[in-house]
Amino acid sequence: MDLEVLPGLTIPASELGWRFSRSSGPGGQHVNTSDSRVELSWNAADSAALSDDQRLMLFTRLGPRLIAGVITVTASEQRSQLRNREIALAKLSRLVAEALAPEAAARRASKPTRSSKRRHRVTKEHRSATKQQRKRPSAE
């Protein structure tokens, strides 16, 4: 089953590597008998699905997460291996899609409007007058 990450990017099933092991957590005796924990690996360095630009962006953004060009995600949330497989596929898809998403435009700082400055000043004056009225009256 191929993994569609973006409309223009589909990872072939032949490039995905699966490993299964015993999961910790809830499940009682079931945990000790079934390999429900899933590790999904994808070698991004050798993948034919990526263009050179996509590969460079992926390595730039996911650098610390990669080990020898391989992205690995794990899933052990559910008791079912099938559900954990689906979760691992979703995690990998989301991770790659976020890494390949274009950067957001830089924020342009704006100045406060004249009326907002006036409201701010009036509020400060009102608050100051309230505090002045709390003082003890002078001895005179």
Side-chain angles (χ1 to χ4, degrees):
M1 176 170 96
D2 294 346
L3 176 63
E4 184 174 342
V5 178
L6 298 169
L9 175 64
T10 302
I11 300 172
S14 60
E15 293 185 5
L16 299 175
W18 298 93
R19 278 186 52 205
F20 307 101
S21 59
R22 293 199 174 127
S23 178
S24 63
Q29 294 175 347
H30 175 78
V31 170
N32 302 326
T33 59
S34 64
D35 292 340
S36 60
R37 181 175 181 266
V38 173
E39 278 188 30
L40 175 60
S41 300
W42 176 54
N43 190 344
D46 297 334
S47 178
L50 293 173
S51 68
D52 290 336
D53 294 335
Q54 289 174 328
R55 194 179 329 276
L56 180 63
M57 188 179 294
L58 202 66
F59 281 115
T60 304
R61 293 188 179 167
L62 296 179
R65 181 100 198 234
L66 298 172
I67 299 172
V70 177
I71 301 172
T72 304
V73 293
T74 60
S76 60
E77 290 87 9
Q78 302 292 321
R79 289 175 58 177
S80 163
Q81 186 188 99
L82 182 62
R83 267 305 284 143
N84 283 333
R85 280 177 173 233
E86 294 167 356
I87 292 170
L89 285 169
K91 280 183 179 181
L92 181 65
S93 176
R94 186 173 49 249
L95 184 70
V96 173
E98 287 174 1
L100 294 177
E103 290 187 19
R107 182 186 170 277
R108 252 180 44 203
S110 60
K111 294 181 180 179
T113 62
R114 186 180 299 159
S115 62
S116 69
K117 287 180 187 175
R118 184 186 57 75
R119 283 193 309 269
H120 180 67
R121 190 177 64 248
V122 167
T123 306
K124 282 175 70 82
E125 289 170 1
H126 181 68
R127 182 82 177 136
S128 175
T130 302
K131 289 189 171 195
Q132 289 296 322
Q133 290 173 358
R134 291 184 189 155
K135 286 186 176 180
R136 288 180 184 260
S138 61
E140 296 175 6

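- If you take CD on Glu98 and OG on Ser93, they are separated by 9.5 Å, rounding to the nearest 0.5 Å.
- In the hydrophobic clustering of this structure, Ile71 groups with Phe20; members are Ile, Leu, Val, Met, Phe, Trp, Tyr whose side-chain heavy atoms approach within less than 4.5 Å, directly or through other members.
- To the nearest 0.5 Å, the span separating CG on Leu50 from CG on Asn43 amounts to 10.0 Å.
- A donor-acceptor contact shorter than 3.5 Å links the side chain of Gln54 to the backbone of Ser51.
- When all heavy atoms of Pro12 and Ala49 are compared, the closest pair comes out as CD-CB, 4.0 Å.
- Remark: side-chain polar atoms of Glu39 are not paired, donor with acceptor, to backbone N or O of Ser21 under 3.5 angstrom.
- Taking every heavy atom of both residues into account, Ala97 and Leu6 meet most closely at CB-CD2, 4.0 Å.
- Inter-residue side-chain proximity for Leu40 and Trp18 is flagged as met; some heavy-atom pair is nearer than 4.5 Å.
- Atom-to-atom distance recorded for Asp53:CG and Met57:CE is 7.5 Å, nearest 0.5 angstrom.
- The CG atom of Leu100 sits 9.5 Å away from atom CG of Leu95, with the distance rounded to the nearest 0.5 Å.
- Taking CD of Gln81 as the start and OG of Ser76 as the end, the distance is 12.5 Å to the nearest 0.5 Å.
- In this structure, Arg114 and Arg118 have side chains that are not in contact, with every pair of non-hydrogen atoms separated by 4.5 Å or more.
- The side-chain heavy atoms of Ile87 and Arg83, taken from C-beta on, include a pair separated by under 4.5 Å.
- Within the 4.5 Å cutoff, side-chain heavy atoms of Arg65 are placed close to those of Val73.
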Inset, instruction - Show the numbers, then the answer: is there a side-chain contact (heavy atoms from CB on, under 4.5 Å) between Val96 and Trp42? - result: CA-CA 10 Å; Val96 173; Trp42 176 54; 3.8 Å; yes
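- Ala101 pairs by the side-chain contact (heavy atoms from CB on, under 4.5 Å) definition with nothing, not counting sequence neighbours.
- Counting only distance, with no hydrogens or angles, the side chain of Asn84 and the backbone of Val38 share no donor-acceptor pair below 3.5 Å.
- To the nearest 0.5 Å, atoms CZ (Arg61) and CG (Leu56) are separated by 10.5 Å.
- Taking 4.5 Å as the limit, every side-chain heavy atom of Thr72 sits out of range of all side-chain heavy atoms of Ile67.
- Arg55 places a side-chain N or O within 3.5 Å of a backbone atom of Ala44 that can act as its donor or acceptor partner.
- Looking at every heavy atom in both residues, Glu15 comes nearest to Ser47 through OE1-OG, 2.6 Å.
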